[in-house]
Structure formats: C-alpha cells, structure tokens
Amino acid sequence: MTIQHRTVDIEAAAKLWRDDLPASQIAKRFGVSRNVIVGLAYRNRKLFPQREERKTPGRRPIARREPRKREPAPRIRKMEPVAEPAVELAPPTEYDAERLPSAKLLHELSAGQCCWPLNNGGPYLFCSAETTGRYCRNHHSRSLPRKNEGKA
C-alpha cells in the first residue's frame with residue numbers, strides 16, 4: 001500500500017506518529033521511504049506534533065573536553081628586497097636594425113612571430129618576423145651558446 005497525499009492517508013500516518021511510532025516503521029506500513037513520512041510531517045505540522053528528544057537507554061552522554069590550546073602563529077619576517085641582476089641583451093646587429101621598422105609591441109604579436117626584443121628601453125619592440133618556433137632563424141642562433149664560449 002503506497003501513501004497517497006489524501007486526507008485519509010495523512011490522518012492515518014498522523015495517528016501512528018502520535019502513537020509514538022518511528023518514521024521508519026510508519027514508512028514500512030505504507031510502503032514508502034522514511035523521508036516521505038518526515039516530509040509529510042514537516043508539511044502538516046498541525047497533525048504531526050513535535051516529538052520530545054528521546055534518550056536511548058544504554059547510551060551515556062558525550063563527555064565534553066576542553067578545547068585544545070593553540071599556539072600563536074610564528075611571526076613572518078619581511079624579506080629584504082634582492083637586487084635583480086641586470087639583464088643583458090645581446091648587442092644589436094645589422095639584422096636588428098633592418099627589423100626595427102616592422103617591429104611590434106608584445107601585445108601585437110601573434111603566434112608564429114618572433115618575440116626577440118630589439119631595443120633596451122620601453123616601450124619594448126619585438127622582431128615579429130615569421131617563424132615556426134619562438135624566434136626567427138637569426139635570433140634562434142643568437143640565443144644558443146657558442147661552442148667555445150663560457151669555458152674557462
């Protein structure tokens with residue numbers, strides 16, 4: 001038998017509720033879930049009176065412990081600013097001078113354009129030659145270390 005939201009069924013469930021039957025047992029009798037009965041009781045508060053809190057025999061109250069004492073967080077020291085090393089660009093070449101008239105700002109570059117900086121001061125201008133990688137062939141070769149350079 002399933003519960004219909006008819007007055008007869010609601011009153012029958014309310015009578016079982018007032019007889020102090022748990023919601024799960026009322027639900028079994030009607031062939032519905034416990035949540036259906038609880039929802040019915042919530043929507044029809046006049047027919048389903050509030051139940052007092054039951055204390056289950058054999059259970060003892062939970063002992064309350066004092067909250068754990070917490071240590072304050074350690075103070076964070078402010079770091080002194082570290083001087084950044086000066087970035088040295090490779091010295092400009094004749095190729096860079098040729099590329100300067102067609103140079104673009106960084107936000108104007110699109111994929112497939114060389115992003116090698118051509119000047120030292122702002123606003124920075126970039127090569128923008130067509131390429132398949134990050135740099136054009138000329139700037140790619142300049143970005144790699146030379147064989148005998150750097151050995152002591």
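Side chains are part of it too, since the values below use all heavy atoms of this structure and drop only hydrogens, waters and symmetry mates.
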Side chain to side chain, [X] and [Y], heavy atoms closer than 4.5 Å:
| X | Y | answer |
| --- | --- | --- |
| Leu47 | Lys15 | no |
| Trp116 | Ser143 | yes |
| Tyr95 | Cys127 | yes |

Return the [atom1] to [atom2] distance between [X] and [Y], rounded to the nearest 0.5 Å.
| X | Y | atom1 | atom2 | answer |
| --- | --- | --- | --- | --- |
| Leu144 | His139 | CG | NE2 | 13.0 Å |
| Cys114 | Phe126 | SG | CZ | 10.0 Å |
| Asp96 | Glu98 | CG | CD | 9.0 Å |
| Leu106 | Ser128 | CG | OG | 11.5 Å |
| Arg142 | Thr93 | CZ | OG1 | 4.0 Å |

Report task. Please lay out, stage by stage, how Arg134 and Cys115 fare under the test side-chain contact (heavy atoms from CB on, under 4.5 Å). Result -> CA-CA 6 Å; Arg134 188 167 174 86; Cys115 59; 3.5 Å; yes

### Message
Tell me every residue that passes side-chain hydrogen bond (donor to acceptor under 3.5 Å, both in side chains) with Ser102, counting only those two or more places apart in sequence or in another chain.
### Response
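In terms of side-chain hydrogen bond (donor to acceptor under 3.5 Å, both in side chains), with neighbours along the sequence ignored, Ser102 is linked to Arg99.
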
key: side-chain hydrogen bond (donor to acceptor under 3.5 Å, both in side chains) involving Lys104 - partner list, sequence neighbours excluded   =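 side-chain hydrogen bond (donor to acceptor under 3.5 Å, both in side chains) list for Lys104, sorted by chain: empty.
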
* Do you know which two heavy atoms are closest between Ser141 and Asn138, and how far apart they sit? ->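 Closest pair (atom of Ser141, atom of Asn138, distance): OG-O, 2.7 Å.
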
Practice problem: In sequence, state the C-alpha distance, the side-chain angles, and the governing distance for Asp20 and Arg51, and then conclude on side-chain contact (heavy atoms from CB on, under 4.5 Å). | Solution: CA-CA 8 Å; Asp20 221 19; Arg51 291 185 174 173; 4.1 Å; yes

- [ ] Would you please name every residue forming a ring pair (Phe, Tyr, Trp, His ring centres under 6.0 Å) with Phe48, sequence neighbours left out?
- [x]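 Ring pair (Phe, Tyr, Trp, His ring centres under 6.0 Å) check on Phe48 returns Trp17.
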
(request) Check for a donor-acceptor pair, side chain of Gln113 on one end and backbone N or O of Ser110 on the other, with a separation under 3.5 Å. (result)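 Yes: the side chain of Gln113 pairs with the backbone of Ser110.
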
message = Under the rule for side chain to side chain contact (heavy atoms under 4.5 Å, CB included), what residues qualify as partners of Arg137, not counting sequence neighbours?
response =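 Once residues adjacent in sequence are excluded, Arg137 has no partner under the side chain to side chain contact (heavy atoms under 4.5 Å, CB included) criterion.
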
Output all residues satisfying side chain to side chain contact (heavy atoms under 4.5 Å, CB included) with Leu105, sequence neighbours left out; order by chain, then residue number.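 Counting only residues at least two positions away or on another chain, Leu105 forms a side chain to side chain contact (heavy atoms under 4.5 Å, CB included) with His107, Glu108, Pro123, Leu125.
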
Pairs of donor and acceptor atoms involving the side chains of residues 30-40, under 3.5 Å and at least two apart or interchain, shall be tabulated with distances.
{"from": "Ser33", "atom 1": "OG", "to": "Val36", "atom 2": "N", "distance (Å)": "3.4"}

